[in-house]
Amino acid sequence: ARVVKLYSSEPRDTVFDPPGVFQLVPGAHNKIAVRHRPRAPGVRKMHVHLVDVDTHELVSAWLLTIAASPPMVTRTYDVEVPLGRISHKKIRYHNPWDRPRSFKLLSSDESIMTPKSEILQIPARGYDYIRMVFKQPMRHGQHEAFLFLNDDQDQTEECFLVKILTTTA
């Protein structure tokens with residue numbers, strides 16, 4: 001028997017089951033699950049390594065091909081941000097459900113846009129603001145990023161396309 005752990009070349013978007021260190025049973029069917037959430041459309045490769053935690057020996061390795069289609073965009077926002085400065089913007093959001101809801105907010109490109117808080121809690125049929133931080137762009141132009149609103153099961157409920165235009169201050 002070996003004590004092992006799984007590692008991914010894209011750790012921020014990959015979850016394993018079992019999640020941490022676990023034991024491989026010799027002569028048995030050992031099952032693992034990989035859940036990957038791509039933040040951008042396209043095709044890319046991801047490495048998954050199974051490593052013995054005691055000897056640091058590579059037990060097994062896989063190369064996964066990930067194909068992600070563009071998400072279904074429910075709303076599009078145009079945002080102007082000044083060149084060379086961090087900006088803060090907010091989007092009013094309505095919970096249409098008859099019960100309080102929590103949403104996990106994720107950006108497709110954290111180098112240009114991040115939610116100020118990862119969790120948004122809204123009362124039943126209530127409103128709140130999604131507060132966004134836009135990193136300081138150093139060049140003129142337009143950038144695009146997706147903002148994912150995921151439910152408590154981490155399934156995407158809505159996806160916003162944010163078109164970011166840099167302007168001179």
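Just so you know, these numbers use all the heavy atoms, side chains as well, and skip hydrogens, waters and symmetry mates. Treat the numbers as computed from the prediction; the structure is a model and nothing was measured.
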For Phe148, is the NZ or CZ atom of Arg39 found under 6.0 angstrom from the centre of its six-membered ring and inside 45 degrees of the ring axis? no

Closest approach of Ala124 and Asn95, non-hydrogen atoms and distance? CA-ND2, 3.9 Å

Has the side chain of Ser108 got a donor or acceptor atom that lies under 3.5 Å from a matching backbone atom of Ala145? no

Ignoring hydrogens and geometry, is there a side-chain-to-backbone donor-acceptor pair from Asp78 to Thr76 under 3.5 Å? no

Nearest non-hydrogen partners of Pro38 and His36, listed with the distance: CD-O, 3.4 Å

Nearest-0.5 Å distance that lies between atom OG1 in Thr65 and atom CZ in Arg44: 11.0 Å

Picking from Asp17, Thr14, Asp154, what satisfies side-chain hydrogen bond (donor to acceptor under 3.5 Å, both in side chains) with Arg35? Asp154

Indicate yes or no: at least one non-hydrogen side-chain atom of Phe160 is less than 4.5 angstrom from one of Ile130. yes

Would you say Val34 and Trp62 are hydrophobically clustered, going by side-chain heavy atoms of ILVMFWY under 4.5 Å? yes

Euclidean distance, Glu80 CD relative to Gln142 CD, rounded to 0.5 Å: 10.5 Å

Group every Ile, Leu, Val, Met, Phe, Trp and Tyr by side-chain heavy-atom contacts under 4.5 Å, then state whether Tyr77 and Tyr93 land in the same group. yes

So do the side chains of Phe22 and Asn30 get within less than 4.5 Å of each other, counting heavy atoms only? no

If every non-hydrogen atom of Pro82 is compared with every non-hydrogen atom of Ser87, which pair is closest and at what distance? CD-OG, 3.0 Å

Joint cluster assignment, Leu149 & Tyr129, ILVMFWY side-chain distance < 4.5 Å: no

Option from Ile32, Leu24, Leu58 for which side-chain contact (heavy atoms from CB on, under 4.5 Å) with Leu50 holds: Leu24

When rounded to the nearest 0.5 angstrom, what is the spacing between CD1 in Ile119 and NZ in Lys104? 6.5 Å

Say you draw a straight line from NZ of Lys135 to CD1 of Ile164; how long is it, rounded to the nearest 0.5 Å? 11.0 Å

Is it the case that one hydrophobic cluster holds both Leu105 and Val162, taking links as side-chain heavy atoms less than 4.5 Å apart, direct or via other members? yes

When every non-hydrogen atom of Arg75 is compared with those of Val73, the smallest separation belongs to O-CG1, 3.1 Å

Could you measure the distance from the OG1 atom of Thr156 to the CZ atom of Phe146? Nearest 0.5 Å is fine. 11.0 Å

Look at the aromatic rings of His94 and Tyr127 and report parallel, tilted or perpendicular, splitting at 30° and 60°. tilted

Closest approach of Arg37 and Asn150, non-hydrogen atoms and distance? NH1-ND2, 3.6 Å

Between Phe134 and the options Thr166, Val79, Ile112, the side-chain contact (heavy atoms from CB on, under 4.5 Å) test singles out Val79

May I ask you to test the Asp151-Arg101 pair for a side-chain heavy-atom distance under 4.5 Å? yes

Counting only N and O atoms by type, is there a donor-acceptor contact under 3.5 Å from the side chain of Asp109 to the main-chain atoms of Met113? no

I need the Ile91 CD1 to Asp128 CG distance, nearest 0.5 Å. 12.5 Å

Do Val133 and His88 have side chains that get closer than 4.5 Å, going by heavy atoms? yes

If I compare all heavy atoms of Pro18 with all of Leu6, which pair ends up nearest, and what's the gap? O-CD1, 4.5 Å

Are Val4 and Leu64 co-members of a hydrophobic cluster defined by side-chain heavy atoms under 4.5 Å apart? yes

